[in-house]
Each structure stands twice: as C-alpha cells, then as structure tokens.
Visitor: 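Pasting in a structure now, in structure tokens, and then I'll have a few things to ask.
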Amino acid sequence: MTSFRAFRPSDLDRFSKCNLDPLTETYDLSFYLQYYSKWPSLFQVAEDENGNIIGYIMGKTESSPDYFQYSEHYLPWHAHITALTVAPEARRLGIGKVLTEKLEASADAADTWFVDLFVRKSNDNAIRFYESMGYSVYRVVKDYYGDNVNDPTAHGEDAYDMRKPMKRDKTLKHIRDDGREHDVQPEDVF
Amino acid sequence: MAPSALKITPIPRPIHLKSSCDFQLESAFRDERWADAASFAQKRFKATKDHYYHAIEVAAKCQSDSVVDQSASLAEIEKLLKDPRATEDADALDLYEFACAEVRPKYIQDIGALRSKIYRASPKDYALGLRCFDACLWNLDWKHAQEIAALMDKNFVKERKFLFRNILLSFLVATASGAPENTRKLFSNLAKAHAEKAMKLRTTAESSQDQPPKAIHTDEESLLWLDIRFTYSTTADNIASFRQPQTSPVAFLESGFYKSYQDSLKYLQTHQEWDLVLQISKRVLETSIEICQRETSVIEESQQEAANDPSQPGIPAETARVQALRRVRDGRTFKESQYLSACCEWGLWEAMVAAARFHPDSKSELKKAGKLVHKMIRVLQPLEYIQRVYHMNCALLDMRILFARDSGASTSGDMSTRAGHLVKHMEGNCADPSCFGSMRSMIAQLSRREIAPLLNAIENNSINSTDKLKALRLISQALRIRYLEATSTPDGEPCGLCGSKTNGPDCIVCIRSIALSAMGHFSAAMQDPDIGPVEVIGEDPLAILTMLGSVCLLTVAGAGNRSWGPGTNSPLFHIDLQLFLQVVLWLTYWTLMKPKNDVIRMLLIKLLILMGCVSQAKTIWEHYDVKNALVNSLASLLFDRLSTISPGDFNQGSSRTAIAPIKKYFINAMRRHLPSVLRQSLENENYASFIDELSFVDDLSRSCTIVMAIVEERRAFRIRHGRCEGTIDEEPLINSHTIDNTLIDPSDYTYLPDLAAKTSKPIEEMISYGPLPTNGRSQLSILAERFVDIVCNGQVKEYKPAKSAQIIQSEWQHTMAACNRIREDMGLFYTNDSIEPELTEPENWYFRIVWDLADILNIALQHGVMSTATSESREGTKSRIKQVLEDLEAQSQEFLIMPKHIPSKIHTFHGVAGLHAMGMLRESALVVKNTALYLIAAFDRIKVVDKSRASNEATWLVSDLRKMVAAATKAEGIIKSRVKLLNERLNTTGWMDRVEDWTFGDYGTAYDPEKVTKQKVAEGLRKFVPRAQIEEWTLGITDSWRDNLRGWSSIKFD
C-alpha cells in the first residue's frame, strides 16, 4: 500500500529508504524544515504501510527579485522543484509522477505561471520522465553543476532548465519549443 | 496538540551595536575583543551618561574569560533589570539578553517581561512591536510573545496575521508543561474563543469573496482551529461540528484545505463515526465520478468535432485527444480539481472500507465500496494516466474487502476462496518488492487449515513455472509464509505447520527446516547461470533467501535467546558459534556480490559488532554515508555501546571523535536553526507548520540518540584516559535534562529484515549488542555521568579561598544534595527490578555500583566528614562499601566466565565478543576508585581547615576507602591481563585456519541437536563461496579483532 500526503517533520526520522540511496541528494535538517515552514503544500511524501517514506517531493514558489525585472532572464512567479526522490525498491510504480502532479496542483492553486526544475544534461532517465509529464527544455545552463558525472576531467556539466506551463499561462508564453538552443550562464539563473 | 516546553535553549541571538556607536567601540565588540569593548563602553558611559553604553560594558564583561568579571556582570544585569531607567530601550535589552543567554538563561523571562512592558508603553510603534515579538520568539518565550501579539492585534486591526499569532501563542501558553492551572484555563479559553470566532466569520460569510479579513482563509489557519478543537472541545462537539455543512471534511476539501480534510476524516475514523465516514467517502468518490464522466463526454465531443472539422483536416486523433484533455483540465473549477486530487487516495478508500465493515449490512456495503473504487479508476482512465501505484492499491483493497467479507469458510476444493485469491495475487505480483509485505496482515488472518493448501499451491506454481526467476520468487514467498507461521505459535499450542511442541511462539523444528531449505535453494540457484549472476529488476529472491536463511540460522543458533542475565558477559555467550559464523560468511559473500542491498549490509554490521569486529563494521557503515537528517534515526544502530566494545574506534579523521558530527547535527537543529525556522513559519502564516516543527524538535530534544552520543563519547574518553574531560553539565544538549523528561528511541529499524510474525522477537532485539535504547537506560546513563562528574571533578586542589571552611562546607552540602538526588532518581528505576531487562548484565553491575556509591558519598560526607560519625552511621557506610566491593568483585569474576563445554581455543572468540563487559568493568573500577579518592581528599581538606578535628577521626573509614582503591586497581589488573592475553593469542599464527575451522569444522558433540544443520550449511557454503574469498574473510575478521585490541592496548592505567 502506498499513500500520499503532505510532509510532516517527524517524517525526517523515516527518510532512510530514500536518503540512503547514493543518488539522492541529502540536506541538513534545517533545509527540509525551511521548505516546510515556507511552502508546506509543496512538500509531499509517499508512505508505505509501515510508515516509511518511500518518496518525496520538495518545492518552492518564487520569482526573481525586483531588481532583475528588466533582465531577459527575469523569472515571473513560478514553482520550482528542488528535490524529487523515490526509494529504489518503490521505483517504476509511478510514485514520482503522482508526487509531481501533487506539487503541480499546489502550484496551480498558488496561481503560478509554470513549474521549473534543473536536471543534468546527461540524466536521460530524468529528462524522459519530465518530458512524459509535459515538461520541456526552456534553456541550457552552461556548466551549472561543478562536477561531471560522466567525464571527471570536464569543467562541469550543463543543466537543462525544464518547465511545464500551469493553467495561468494560457498562451504558453513561458515555454519554448527550441529551448535546447538557448544557452545561458549560471549567473543568469536566479 | 502543542508540544511541551522545550528544555534546550537556542543559541544567543546575533547582536549588532547601534549605528550611533563609534567605530572603535563597534569594531572591538564585533571582533570579540571583550576587554577593549568593555573599557571603551565604560568611557562612553562616563562621558554621555547614556545607559546603552553601560549595557555594552556589562555585555562585554559577561563574555570575558574571567569568572570574577562574568559573575559581577551577571549580578549587575540582575540589578539593572530592576532599574526602570536602564531598561527603557529595546537596544539595551538586546545587550542584556546577549550577555546572559548562555550563562544565565533564566533571565530571559525577565527580559521578555521588560520587552512586553516597553511595547505596552508605545503600542502604536509597529517596528518596536515586531522587534520585541521576534526577540521573544527567538527565545521561545511564549508568554511575552503572546502579550505582544495580542496588543499588536488590537492596535493594527487590519493585519490579520496578528490575530492568528495571538491564537497560536495563547494555545502554546495554555499547553506549556508546568503552566499553572489558571493560566491553562485562561489561555485555552482565549485561544478557543478567538479561533471559533475566526471560523464563524468564515462560515457565516455569504460567499468566499465576502469573507471578512479576520475569518479563517487558509488550510494552515483551519488546521490551527482544528488543533485547538481537538485539544479543548469534547468529541461530541467536534463530531457535531464535522456534521455541519460548512465545517465538514467535504467543505474543507472543496475549499482546498486538504490537510484539514484529511485530519478531520481521520478524526471521525478514530472516533468510529462510521456512518459519517461512509457518507463522506462515498460523496467524494461519487462526485469525482460525475466530474470524470462529464469531462469524458466533453473530450469525446471535442474529438468528434475535430474529426468532422473541415477547417482542420487530417488532425491526428491523438493530437485532438491531447488538446481536448488539456482544455478540459484547464477548464476544471477549483472544487473539481480538489475532488479529483482526493479520489484516488488510499486513505479515502481505506476509510470507506473500514466504515463499510461496521455497517449493519457489511457484506453488501463492502461490495459496493469495491465497485465504487473500480468505477472511479475506470472513469478516470480516459482523463488521466492512472499510475501503477493506484492499480496496486486497488488490488490490495480488493484483497482487504475479500478478507473482510469472507471468513475463510467458503472453499473451492481444499482451498478457501480468500486463500485462493491470495495465491493468485502473490503469483501475479511476485516481482514487486512490496507485494509480500502488503499481504502479511492477510496471511496472518488465515486459519491453520487454510495455510497448508496455500503453501501447496504456491509451491506447485513454482514447480510449474518455466521462468526460473519467478519460480525462485514463489519459493521465497512460500518460505516466508512458513516462517511467519513458524514464529506465531499461540501459547500452549503445538506448531501449526509440523505439530511440534514449542516453547514460545517460535517452532525451532520448522525454522531449522526453513533455514536449510533457503540455503539449499540459494546454493542451487548460485550455480545456475540463468539466475546466480543475473542483475535482477524488482524483488531479488536470492537476497530474500539470504536474509531468511540467515535470520533462521541465527534463531537456531540461539541469538537473542538468554543473551543476557546473571553469569553472562556477551550477547554471544549462549550462541552456537559455528552457526553464527556461517551466517556471517553467507552475509559477507552476498554483500561482496551485491553491495547495494542495504538490509543485508545492516544485518552484517550488527553481527560484526556482536563479534567484536568493529573496524569491519565501521567500514561497511561508512558506505551508507549516514548524515544530515538520518543521524537521529540511524546513529544508534552503529554507535550504541561502541565505546565499551572498542574505545579505540572513537577517533576519526579530523573530527575530534566519531560522535562529533552527531552532536553537531543536534546542536544545529535545536539551538541554531529552530528560531529562524519558527520565524519563517510565522512570516509565511503557516501556523500548523509552526506547531509541527516545535513538536518535532521537542521529540528531538528527548531523543535517546542524543544521550547515547554524549555518553558514548565520554565513556570512550574515560576508558582510554582514566579521567573525565569536561562535565555533562557543559553539554547544552543535556544539561537541563531532568528525570521527568521521558526520553524516546527514534531509531529506524526498518533497515533490518522484518520477516517474523509480530508475536516473535523482533530482529533488532535479536542482533543488537544488548537491549535497545530506552528511557530507563538513558536516564540511568545521565545520572551515572553526573555522579562521575562529582567524583572526578569535584575536588579543587589549588583553590584556597579566604573563608575556606565555610566554602568547603557549602561545596559538600551541594555534593550531598546532588548525590541524594542521583540516588533517589536511580532508585526510581530500580524499584521492583523493572529496569534490568533494559540493560546488559555489565551495565546493571555498573549502575548498581553507582547507585550505592551515591549513597556512600552522601552518608560519608554527612556523618563522617562534616560531623563526627556515630556508630550507626559508621556501620551503615561500612556495610554499603562492603556491598560495592562485593559487587565489583562479582562483576570482575563474571567478566572472566567462559561458556561451559567449549574447546579452549574458542575462549579467544568469547573474549573479543565480551569486550563490552570489559569496558563496563573499567567504568565500575574507575568510579569506585574516584569515589574513594574523593572522600580521602575530603578528609584531608577538613583536617586542614578545621584544626579542632582529631587527626585519627577518619581512620575508621579510610581503611575501607583504601580497600575500594585496591579493589579498583585489582579490577584494572584483570582488564590489563585480559587485554595482554587476547593480544598474545591474536598475534599468534594460524588464525585464518582457526576461524575457517570454527565455521566449517566438526565441532558438534554427540548430543548437539544442530550437528547435522551445521554440516549441511557448511556444505552449502562450500558450494558457492570461493576458496579465496573464505581466506580473505577469515583474514578480515582476525585483522579487525587485532585492530580492536590495539585500541584497548593503548589504554592508560594508573
């Protein structure tokens, strides 16, 4: 049995199935609590019958600061996926999709223009996953990641900034068909 | 429910001097040049008579290393806090708060009162109000934060957040532990009245657009209202409220208050309001079905129109469908979206099925519930891609409904209907790692009569399967079912599988047979090129067989059975060594082959610790990279009791100790980050989050892991160096702890195999080095540390104050009071011997010795040192000392005991497996010696300061104290000899052959019931573990033992 619900801080003591996976980025406790204190509805978990957390998504809503508003890289009010992880034993069940849909529902309720996220250019599985959910590449952030998982000699690795429009963006003005052709530098990204 | 008051205080708030201060003073203060800052501030105060400068001077002096300056400044603050002129500005208060936050936190409440007073004097000053509020919030001073919030609510009526802050803080004041009854009553009434009014404003508004500002607008505000209701209203009132249309769970759902909807529905289930639960869950599903059906019609019509639209010829049907789908989704109303997000939730389905079971016509209602869920899935399909997880939940729900409707009486041939469905379900989903776990509760419901045909059917399916992997998965399922049955024999009944007589829930006959079967299948599969080396997606049956076989063999070997008790000094004392080593080899083999299996790795770590191979266990542990948020729940799995098993293993890289990151985690979480997290919650108007965070940190502050970390670090240092480093009262995580603060074990044991029935002993208890962390053990550990601090650090040798006699008297009064408290508090746990099952036998000796020593110290100081002893007090003290000496002697003797009837060369194994007993003996010896030395020093000091005392007055006690020192020295001698002996033995040659011989050799006696088992397991292991790997394994074990003993060899004895 898998149930979905909003995160609560006591879940942190049941994160081991997700966070011991070496591919899952882990954070200090204050980082999780900061997200919970600011954006509780954007922090959702999947729980098994024993109370273990077998997947979670953590996100935020934001826009670029005002001083950025005349920049071509200005980000309007949107939601951002900071972390999405599913325990290895619970993968291929669609848990990641359900969690993402829940975050999108909250993003819609917050009247955001889109949901975005960053993913390594080499992470084909994740890119396919997000594309299947309606996300597309909006731009390429050059050398966004300090390391390169496939080439340790490389400077870093590019990130795809992927987006999915929310209900507010009726004319789809915040997405692009040719996002892979648009390169930006890390300092352009808020 | 709001949490009780936190006992761990946050770090002092960062402070910046006012911009009007000159650069010289400001930079001295910022650079923490406290003497300079104090001197500059003093000069400015003299020149300007501005009290702010005096506050700076006092604050700087408080940070000084000079105890005299610090104490004087604290006294000055105490005076200033009573002086209206000195406390009229908020900046000065910030400085006083900064000055005393660490050294005299009790002043924080006084400062909070002054902040409230300052704001009351200028209630229209918005910035001042916020500043005072934030300061109180940082210091978790709810009382004064509430006063300020209430006043701000009154003065800034347009700002709705102050109303909800007022409600929240009133609630916290009312529920704080230790709040007087009248305070509780007053503030609970306030919180409730304000919250009810806010909800009423919401429910009486004509529409959502018409709601007044002070009505409840968000889920978080609604959750705060619910929290208050659940705490203060009667169940009947709450249920009545949930029956009202505006405050029903459905109303919450339609408003987008999803958590309020879930919490209120859960509340109704908890209070068994099944008619209402059924009504709500049906309504949610039926409304969702209507929405889906309507949307499906729209999509079909759109597709039809697109197909017939001459202006868009040739548009692909799929494109038309996707476009129509998007239009439909974008056109959904807010309410419709809420229903559709709730309709597939397991919680809703489960609530409906639970409610249907209590319906008078339960069979029919259960059937309807199942149909409704299936219809929901069916109508949702054209609109959304239904994820596999929902289909799996639906299949599980079907099984639950079947089990609820069918008692097992209906049969098809030999098989009951429900068992038949179980077989089908398990066969169809055998690749899913969660399948067996989700079926366990249903397997447990099957009668004995149903189990045999179920097992036959699964085994037959396995035999008939042409897919080798599937066949093995089915075998692993059948073996797990057998294991569940074999570990759930009811009291006084024979085993349900084999009919054997059992002693407890476990049938050893069956468990032995399952172990051999698992080994047989594993061994055969490893030699099959189609299975053994294949990377498996989904459930790996070989991993399951390894886990199951290992757990069964451990049970047969006697793990967790009679581990501790009088006369035992290690958890392996009664265990069958050969079977144990065979399990370790099997797990090591698997871990080397598939290092990603976390459950098996964790099991192996625990077994390696049991046998003293700590460096090996740590190497595997480090691959987990346990850090950040996992520390609280996982740290004790490695570190609990490690200081006494391998004290040398506490130095790690650049960190001072291996425990340092654990302490840092807790300090950051509770002292450093909590205030800003709470503030963020309030700034974002997330009141329920605020309560949850507070509650979480409250639990964190009561975590046994904190106590474990601090005590392990101190013990490791003490065992190695023979002295203490700092006192436990210098540990901010623990120094305010009191006995009434119940500690909790937060450990996550789900990383160990969970295969046995609930009636059997949990695996974590079987394989941990002694009983798991508990409140009792943690409390005793803290109390013992406090006592150790008294006897190790209590005597100041070089301190020669003016009124020495008076000061010594006062110091001893304090010591006596502390000893009395320790003695009394420890006694609470020893009443009726209830604590003993929570301790290892060596821990029990140690705590009992400390308990007696606290009494000896108290009586000896009172009746021997501070006054002349009476014959009665002499006898009392002497008899207690005699008891301690006997206990220490008994502990020493017990430490040396070896299991009977074992070959002498196995003594070394039991020596390294029993190192914890050696560590605790070292602890007992140290505390006995230090107590005696404390009292001897006390007699010496009283003779110096009180010349009227006869020089031979203490002779009656000193001889006994010398006996205590001698006994401690003797115990240390025993430890030294044991370390030397183990080192000598381990540094001889032939250890690899010896360990291999213990694992594979013929050690069974004629009467050994496990002789054949061991032979069969050995045969199995030989088939798949390569020769070279066995050699590497034996080398790894002996090297790890040597590493451990190297640590023990570096111990400094006096």
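Note that the structure is a prediction, hence the values are computed from the model and not measured. Letters go in sequence order (proteins before strands), and every chain restarts at 1.
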Visitor: Given a strict heavy-atom distance threshold of 4.5 Å, which part of B:Gln262 is in contact with chain A: side chain, backbone, both, or neither?
Guide: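 Interface part for B:Gln262: side chain.
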
Visitor: Counting heavy atoms not belonging to B:Ile537, are there more than 12 under 6.0 Å from its CD1?
Guide: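 Not buried by this count: 12 neighbours or fewer within 6.0 Å.
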
Visitor: At a heavy-atom distance under 4.5 Å, which candidate from B:Glu539, B:Gln338, B:Lys259 has the highest pair count against chain A?
Guide: B:Lys259

Visitor: Nearest 0.5 Å, please: how far is CG in B:Asn628 from OG in A:Ser30?
Guide: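 Rounded to the nearest 0.5 Å, the OG-CG separation comes out at 9.0 Å.
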
Visitor: Can you find a heavy atom in the side chain of B:Asp625 that is under 4.5 Å from one in the side chain of A:Thr26?
Guide: no

Visitor: Quick one: what part of A:Arg92 sits under 4.5 Å from any heavy atom of chain B, side chain, backbone, both or neither?
Guide: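 Contact with chain B is through both the backbone and side chain of A:Arg92.
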
Visitor: Is any side-chain heavy atom of B:Leu634 less than 4.5 Å from a side-chain heavy atom of A:Ser16?
Guide: yes

Visitor: Find the one option among B:Leu630, B:Leu396, B:Asp432 whose heavy-atom pairs under 4.5 Å with chain A are most numerous.
Guide: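 Max contact count across the listed options: B:Leu630.
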
Visitor: As an exercise, state the distance from CZ of A:Phe4 to CG of B:Asn393, rounded to the nearest 0.5 Å.
Guide: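 Going from CZ on A:Phe4 over to CG on B:Asn393, the span is 7.5 Å.
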
Visitor: Can you see which heavy atom on B:Gly437 is nearest to which on A:Glu49, and at what distance?
Guide: C-OE2, 3.4 Å

Visitor: Above 12 or not: heavy atoms from other molecules or residues under 6.0 Å from CG of A:Asp177?
Guide: no

Visitor: Does anything in residues 62-90 of chain A reach chain B? List residues with heavy atoms under 4.5 Å apart, or say none.
Guide: A:Glu89

Visitor: Output the option from B:Gln680, B:Arg388, B:Glu683, B:Arg679 having the highest count of non-hydrogen pairs under 4.5 Å with chain A.
Guide: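 When all of B:Gln680, B:Arg388, B:Glu683, B:Arg679 are compared, B:Gln680 has the most.
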
Visitor: Can you tell which part of A:Lys17 gets under 4.5 Å to a heavy atom of chain B, answering side chain, backbone, both or neither?
Guide: both

Visitor: For the candidates B:Phe334, B:Phe690, B:Tyr390, which exhibits the highest count of non-hydrogen atom pairs separated by less than 4.5 Å from chain A?
Guide: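 Heavy-atom pair counts peak at B:Tyr390.
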
Visitor: Just wondering, do B:His673 and A:Gln34 contact through their side chains at under 4.5 Å, heavy atoms?
Guide: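 With C-beta onward as the side chain, the pair stays apart.
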
Visitor: Could you state the interatomic distance from CG (A:Asp48) to OG (B:Ser434), rounded to the nearest 0.5 Å?
Guide: 8.0 Å

Visitor: Under a 4.5 Å cutoff for heavy-atom pairs, which residue among B:Asn668, B:Val677, B:Val626 has the most contacts with chain A?
Guide: B:Val677

Visitor: If you round to the nearest 0.5 Å, how far is CZ of A:Arg8 from OG of B:Ser689?
Guide: 12.5 Å

Visitor: What are the two closest heavy atoms between A:Tyr36 and B:Ala688, and how far apart are they?
Guide: OH-O, 4.3 Å

Visitor: As an exercise: rank B:Asp754, B:Thr750, B:Leu700, B:Leu678 by heavy-atom pairs under 4.5 Å with chain A and give me the winner.
Guide: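 Looking at each of B:Asp754, B:Thr750, B:Leu700, B:Leu678 in turn, B:Thr750 comes out on top.
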
Visitor: Rounded to the nearest 0.5 Å, what separates atom OG in A:Ser41 from atom CG in B:Asp219?
Guide: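 Taking OG in A:Ser41 and CG in B:Asp219, the distance rounds to 8.5 Å.
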
Visitor: Taking only residues two or more places apart in sequence, or in another chain, which ones meet A:Tyr35 in a ring-ring contact (aromatic ring centres under 6.0 Å, His included)?
Guide: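 For A:Tyr35, the residues satisfying ring-ring contact (aromatic ring centres under 6.0 Å, His included) (neighbours in sequence not counted) are A:Phe31, A:Trp39.
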
Visitor: Name the region of A:Asp13, side chain, backbone, both or neither, that has any atom closer than 4.5 Å to a heavy atom of chain B.
Guide: both

Visitor: With a 4.5 angstrom heavy-atom cut-off, which part of B:Tyr624 approaches chain A: side chain, backbone, both or neither?
Guide: both

Visitor: Mind listing the closest non-hydrogen atom pair of A:Ser3 and B:Trp346 along with its distance?
Guide: CB-CB, 4.0 Å

Visitor: Would you mind checking which part of A:Asp169 comes under 4.5 Å of any heavy atom in chain B, side chain (CB onward), backbone (N, CA, C, O), both or neither?
Guide: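 Interface part for A:Asp169: backbone (N, CA, C, O).
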
Visitor: In terms of heavy-atom pairs under 4.5 Å with chain B, which of A:Ile95, A:Asn52, A:Ile54 leads?
Guide: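 Top option by heavy-atom pairs under 4.5 Å: A:Asn52.
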
Visitor: Let's test your reading of the structure: which of A:Asn19, A:Leu33, A:Leu29, A:Leu20 forms the most heavy-atom pairs below 4.5 Å with chain B?
Guide: A:Leu20

Visitor: Is there a donor-acceptor pair closer than 3.5 Å between any side-chain N or O of B:Asn686 and the backbone N or O of A:Ser37?
Guide: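 The answer is yes, because a donor-acceptor pair under 3.5 Å joins these two groups.
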
Visitor: Taking all non-hydrogen atoms of both residues into account, name the closest pair between B:Arg332 and A:Lys167 and its distance.
Guide: O-NZ, 3.5 Å

Visitor: Can you sort out the partners of B:Glu350 under salt bridge (Lys or Arg N to Asp or Glu O under 4.0 Å), two or more places apart, ordered by chain and number?
Guide: B:Arg400

Visitor: Nearest 0.5 Å, what's the CG-CZ distance between A:Asp28 and B:Arg672?
Guide: 10.5 Å

Visitor: What closest approach, in Å, do A:Pro165 and B:Arg326 show between heavy atoms, and which atom pair accounts for it?
Guide: CG-NH1, 3.9 Å

Visitor: With sequence neighbours excluded, tell me which residues meet ring-ring contact (aromatic ring centres under 6.0 Å, His included) with B:Tyr261.
Guide: B:Tyr258

Visitor: If you take all heavy atoms of A:Arg14 and B:Ser747, which pair is closest and at what distance?
Guide: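 Reported closest heavy-atom pair: NH2-O, 3.7 Å.
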
Visitor: Need one label for A:Phe15: side chain, backbone, both or neither, based on atoms under 4.5 Å from any heavy atom in chain B.
Guide: both

